[in-house]
Amino acid sequence: MKFIILSLFIMISRLDADMIVDPTIIGPIGQSTSGQMFSFYGATIDDLGLGLLETGIDLQIDLSQGFPLQKMLTDNGSLSISTNTFSREVFSPDNSPYKHIYPEADKAVLSRILYGEIWSYFDTNGSVTKLLGTCSIGMCNDGQLEESKIRGLDFSEWPSPLKMGSEWSFSSGKVKATGYESFDSYFTNRVDAEGRVITSAGSFKALRLSRVGIENAKYERVDSIDSSELFPVPIGMRSEVLEHYWLSPNGYSVVEIRQEIISYDFEDSNQIWPPDKATTIFVTTSSNEPLNGDIQAAVEYTTWGNIKKGNY
């Protein structure tokens, strides 16, 4: 009887300890984070030796020492690597340039990435945080159609809260978006792992959201470019996508990995390109405020694949 009671207690404790994530939290005004972006051209996640197939609980990924870039270059002679920085800061809309376009917004997020600055506007007053739109280089896109909506990354449409085993499917349907004559995508989404992520920004409890899908894009024609016989430009592409997001309890994405295998469509041209492979990794490296108030000792003996301290 004592054994049964003890077993039940352990099971209940495990259930009580199960982590949940609210994906709709934006963060307080004034919060700023920054990180590193690593782009690996010609490589998949497996090619890089990252080994992220493990699922379950009490796992660990340690990126506090960065990536062994030189070793990756040595092991993959044809691999091309680029590194860049990114940052994210939460503002009051009154201190942003496009408040007049989204007057109902109560928070604005400025993201600085390789391609420039993007302002995103949110209404957090309802039961679900609503993305109102984005503005970049003077252009404002209602609902951030080009990124969140058509790729299934609008978190207001995700199950909330997220927990181990949460799963759903997404299909955008064929839509027209800026720069595209048509775009459609389909993803299956599943929270498949729970554990700890360690970066130079700290040690975080995290859930891993894994997404597998297809993206089909057909570009708007630019006759002056597409008509070139010497350098034909593909008019479409199909991407087989695998994404992993490590989310802290407040919904912040501490680490992101996106792998693509891309096939091109040249329509009437005889030009043929072999499929391209690319993997992009975002790692949060600093924050002016804690991203997760529950900082515990890291799990020592289990790991998400072989990315862990000591492998460098």
**Student:** Answer with yes or no after comparing the ring centroid distance for F204 and W246 against a 6.0 Å cut-off, counting only values under it.
**Tutor:**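 No, too far apart.
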**Student:** Is there a continuous path of hydrophobic side-chain contacts, each under 4.5 Å between heavy atoms, that joins I25 to F155?
**Tutor:**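 Cluster IDs for I25 and F155 differ.
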**Student:** So does F38 get a backbone contact from the side chain of T83, meaning a donor-acceptor N/O pair under 3.5 Å?
**Tutor:**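 Not at all, since once roles are kept as given, no pair shorter than 3.5 Å links the two residues.
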**Student:** Judged by modelled atom types alone, do S172 and D184 share a side-chain donor-acceptor pair under 3.5 Å?
**Tutor:**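 No, no side-chain donor-acceptor contact under 3.5 Å.
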**Student:** Kindly indicate whether the side chain of T188, heavy atoms from C-beta on, has any atom under 4.5 Å from the side chain of R211.
**Tutor:**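 Answer no - side chains too far apart.
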**Student:** So, does K107 use its side chain to make a donor-acceptor pair with the main chain of G27 at under 3.5 Å?
**Tutor:**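 It does hold such a pair.
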**Student:** Counting only heavy atoms not in K99 (residues, nucleotides, ligands), do more than 12 fall under 6.0 Å from its NZ?
**Tutor:**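 For K99, atom NZ is crowded (more than 12 foreign heavy atoms under 6.0 Å).
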**Student:** With the side chain counted from C-beta on, respond yes when S169 and Y186 share a heavy-atom pair under 4.5 Å apart, and no when they do not.
**Tutor:**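 Heavy-atom side-chain distance check passes, below 4.5 Å.
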**Student:** So, T199 side chain and T284 main chain: donor-acceptor pair closer than 3.5 Å or not?
**Tutor:**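 Judged by distance alone, yes, a pair lies under 3.5 Å.
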**Student:** Between Q259 (side chain only) and L242 (backbone N and O only), is there a donor and an acceptor less than 3.5 Å apart?
**Tutor:**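 Checking the backbone N and O of L242 against the side chain of Q259, no donor-acceptor pair under 3.5 Å is found.
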**Student:** Looking at side-chain heavy atoms only, is the closest gap between L52 and I45 below 4.5 Å?
**Tutor:**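 L52 vs I45: side chains touch.
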**Student:** Checking salt bridge (Lys or Arg N to Asp or Glu O under 4.0 Å) for the pair D47/K277: CA distance, chi angles, key distance, verdict?
**Tutor:** CA-CA 10 Å; D47 293 335; K277 299 184 292 185; 2.9 Å; yes
**Student:** Is there a side-chain contact between V21 and M19 in this structure, where contact means two heavy atoms from C-beta onward sitting under 4.5 Å apart?
**Tutor:**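 Touching, per the 4.5 Å side-chain cut-off.
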**Student:** Are the side chain of S287 and the backbone N or O of T33 linked by a donor-acceptor pair below 3.5 Å?
**Tutor:**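 No: the side chain of S287 does not pair with the backbone of T33.
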**Student:** Specify the closest pair of heavy atoms between L132 and Y102, including all atoms of both residues, with the distance to one decimal.
**Tutor:**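 That would be O-CE2, 3.5 Å.
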**Student:** Quick one: do R151 and E215 make a salt bridge, cutoff under 4.0 Å?
**Tutor:**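 Salt bridge between R151 and E215, a charged N being under 4.0 Å from a carboxylate O: yes.
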**Student:** Any idea which heavy atoms bring P249 and K205 closest together, and the distance?
**Tutor:**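 In this case the closest contact between P249 and K205 is CD-O, 3.5 Å.
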**Student:** Carefully, step by step, assess E256 and R258 under the rule salt bridge (Lys or Arg N to Asp or Glu O under 4.0 Å).
**Tutor:** CA-CA 7 Å; E256 300 178 10; R258 176 182 170 91; over 6 Å; no
**Student:** Any donor and acceptor pair, going by atom type alone, linking the side chain of S203 with main-chain N or O of I198 inside 3.5 Å?
**Tutor:**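 Not at all, since once roles are kept as given, no pair shorter than 3.5 Å links the two residues.
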**Student:** Could you tell me whether a side-chain N or O of D106 sits under 3.5 Å from a main-chain N or O of T124, the two making a donor and an acceptor?
**Tutor:**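 Flag set: sc D106 to bb T124 pair under 3.5 Å.
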